[in-house]
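Notes to accompany the following structure.
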Amino acid sequence: MSEITPDLVRHLAGLARIDLTEDEVVRFTEQLSVIVDSVAKIANIIDAETPITSHPIPLANVFREDVVLPSLTQEQALSGAPDQAQGRFRVSAILDEE
Amino acid sequence: MAKANLMDYEKALELFEVVIGLEVHVELNTKTKMFCGCRNDFGDEPNTNVCPVCIGLPGSLPVVNRKAVESSIAIGLAIGCKIEANGGFSRKNYFYPDLAKNYQTSQFKDPIAYDGQLEVEVPSGNKFTVQIERAHMEEDAGKLTHIGGATGRIQGAEYSLVDYNRAGVPLVEIVTRPILGAGSEAPELAAAYVRSIREIVKALNVSEARMERGNVRCDANVSLRPKGQEKLGTRTETKNVNSLRSIERAVRYEIQRQAQILADGGSIIQETRHWHEDKGSTSSGRPKSDADDYRYFPEPDLVPVQPSIELIEKLRSELPENPAAKRKRLAGEWGFAEMEFRDVVNAGLMDFIEEAVAEGAKPQAARKWYSGEIARIANSEDKDVSEMNITPAQVAELARLVESGKINDRIAREVLSAVLAGEGNPDEIVTSRNLEVVSDDGALIAAIDEALAKQPDVLEKIREGKLQAAGAVIGAVMQAMKGQADAARVRELVLERANRA
């Protein structure tokens with residue numbers, strides 16, 4: 001069985017800034033448990049020789065040369081902003097950091 | 001906010017052992033950002049160096065800047081680190097508008113460089129070996145301006161404005177292991193360590209390394225433990241320390257503040273603190289809590305970074321001389337007095353003098369020009385010597401002109417002003433302004449004759465042993481030659497004349 005608990009789901013929801021109802025907490029606790037348990041099965045079919053990867057494609061060292069490419073204009077950059085002022089994105093003040 | 005009680009520094013050190021840890025962020029000077037081709041420039045119009053990648057628009061894909069990886073490896077090698085053979089990037093998830101993606105692309109388990117060390121000398125001459133845990137690549141965040149608060153700080157602000165020009169600029173974060181055993185010199189060591197890192201990245205030419213612009217930034221962790229205790233104390237992390245002097249002061253302040261709390265039976269809260277340069281104190285920021293649950297996971301949009309042995313060895317072979325070792329070498333080669341050399345280093349003139357010497361100047365002559373007249377003029381114009389319009393080659397040429405006797409010191413200062421004014425090289429100025437010292441004895445003798453005719457008793461006085469009487473004649477001759485004569489030669493000629501007659 002996985003370690004997913006309702007409290008953990010509430011915690012993750014908080015971190016992700018998602019407002020969950022208690023019904024959703026119960027439902028997601030069950031669903032996430034199934035997912036985690038399913039993924040855990042992989043541990044049974046690999047051995048110590050299997051390299052850890054985060055990609056399905058064996059590819060490494062994809063680089064870009066240090067060459068300037070065109071940027072957006074300020075108007076374009078701000079075109080999707082809900083609010084703006086003085087050429088900048090305007091956001092509500094968030095008090096937990098300076 | 002109540003003012004914190006501070007324990008006397010000496011007393012704090014009697015009771016507690018100081019442990020510090022330093023995190024230094026170095027902004028790289030690549031032309032473009034870490035994961036996109038936007039310009040990496042300081043001071044441009046807000047949100048003009050941004051693109052879908054660095055403002056996190058859906059569907060955009062990052063691509064790693066090759067130069068940034070090479071610069072990061074070079075930094076790692078210069079601080080004695082091993083280089084990770086199979087690294088990659090992770091997402092560090094947090095919500096704050098300084099990054100539009102809601103995560104920072106960083107490195108977590110597999111930093112590009114790890115297990116290094118740096119020998120650092122503090123002003124007393126004591127040396128400490130600082131162990132380096134890791135140096136990892138990440139992207140810088142955007143710049144927030146808080147509007148509406150009385151002091152421009154977040155407290156009381158009504159809203160904030162975000163400029164993403166800096167978002168995505170390549171950073172290397174260098175993290176030390178806990179540093180023990182520095183005792184009363186912990187504050188000096190913290191500053192000296194950051195100075196060393198700054199010198200190294202400057203020598204590597206991978207960063208502009210200007211602290212006032214935030215190219216090099218330091219977070220200082222400080223904790224205390226009662227003497228004899230094994231377990232490390234609770235630490236605080238002081239941010240916003242943007243000068244070497246502030247680092248020293250902030251560490252000292254935290255030692256005194258924490259010592260008083262502990263001595264009073266209190267406990268230290270693990271938290272972020274902010275340094276206030278104006279007040280010389282730190283204040284509580286946010287406590288470390290859920291907010292630090294970053295849920296790192298491998299960045300699915302980027303593939304692993306696997307630097308080849310060839311690349312690593314090539315970068316190793318190109319490393320410049322360690323700045324501290326270089327200072328030691330130059331101090332020996334130049335033969336300056338200890339104070340002279342220290343002044344040169346503190347004034348940031350060493351590199352200029354080195355270049356001027358490479359251009360053929362004698363070390364003392366180069367030093368004299370840079371720490372004398374050039375520094376004086378720069379200072380009077382409120383500029384840095386690096387901003388002065390004169391090259392080390394021109395300084396070397398100026399020094400050569402004086403040495404060869406073509407011009408004297410006074411004329412040389414005039415030539416210097418002309419060089420600074422953009423009139424050309426010293427040689428050209430001497431020619432175009434017709435400043436060459438008159439060394440033709442004929443012209444000098446004629447001027448001496450004229451001066452002696454007006455002061456006929458001078459020769460007699462000299463013969464009586466009153467050599468200072470020659471001064472009046474020398475002065476008159478120099479005036480007649482408009483200063484373009486070698487005063488020593490005039491004196492010789494006057495004395496010769498007196499002895500002959």
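Here is the naming used below: chain letters follow the sequence lines, and residue numbers restart at 1 for every chain. Everything numeric in this text was worked out from a predicted model, so none of it was measured.
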Exercise for the section: Check step by step if side chain to side chain contact (heavy atoms under 4.5 Å, CB included) holds for B:Asp293 and A:His11. Expected result: CA-CA 10 Å; B:Asp293 194 343; A:His11 175 67; 2.7 Å; yes
Rounded at 0.5 Å granularity, tell me how far [atom1] in [X] sits from [atom2] in [Y].
X: B:Leu302; Y: A:Leu59; atom1: CG; atom2: CG; result: 11.5 Å
X: A:Gln86; Y: B:Glu45; atom1: CD; atom2: CD; result: 11.0 Å
X: A:Gln76; Y: B:Ile55; atom1: CD; atom2: CD1; result: 9.5 Å
X: A:Arg64; Y: B:Asn65; atom1: CZ; atom2: CG; result: 4.5 Å
X: A:Leu15; Y: B:Asn93; atom1: CG; atom2: CG; result: 9.0 Å

Using heavy-atom distances under 4.5 Å, tell me whether [X] contacts chain B through its side chain, its backbone, both, or neither.
X: A:Leu12; value: side chain
X: A:Val67; value: backbone
X: A:Glu75; value: neither

Test [X] against every option in [options] by the side-chain contact (heavy atoms from CB on, under 4.5 Å) rule and name the one that passes.
X: A:Phe63; options: B:Val63, B:Val303, B:Val64; answer: B:Val64
X: A:Asp66; options: B:Thr30, B:Asn40, B:Leu28; answer: B:Thr30
X: A:Ser71; options: B:Cys54, B:Cys38, B:Cys36; answer: B:Cys38

Tell me whether [X] at atom [atom1] has more than 12 heavy atoms from other residues, nucleotides or ligands lying less than 6.0 Å away.
X: B:Ile309; atom1: CD1; value: no
X: B:Arg66; atom1: CZ; value: yes
X: B:Lys31; atom1: NZ; value: no

Could you look at [X] and say if it's the side chain, the backbone, both or neither that has a heavy atom under 4.5 Å from chain A?
X: B:Phe35; value: backbone
X: B:Pro46; value: both
X: B:Lys33; value: backbone

Practice task
Determine the option with the most heavy-atom pairs under 4.5 angstrom with chain A, choosing from B:Asp163, B:Val53, B:Val50.
Solution key: B:Val50
Ignoring hydrogens and geometry, is there a side-chain-to-backbone donor-acceptor pair from [X] to [Y] under 3.5 Å?
X: B:Gln306; Y: A:Asn61; result: no
X: A:His55; Y: B:Asp301; result: no
X: A:Arg88; Y: B:Asn47; result: no

Completion exercise
Most contact-rich option vs chain B, by heavy-atom pairs under 4.5 angstrom, among A:Gly80, A:Ala16, A:Pro70, is A:Ala16
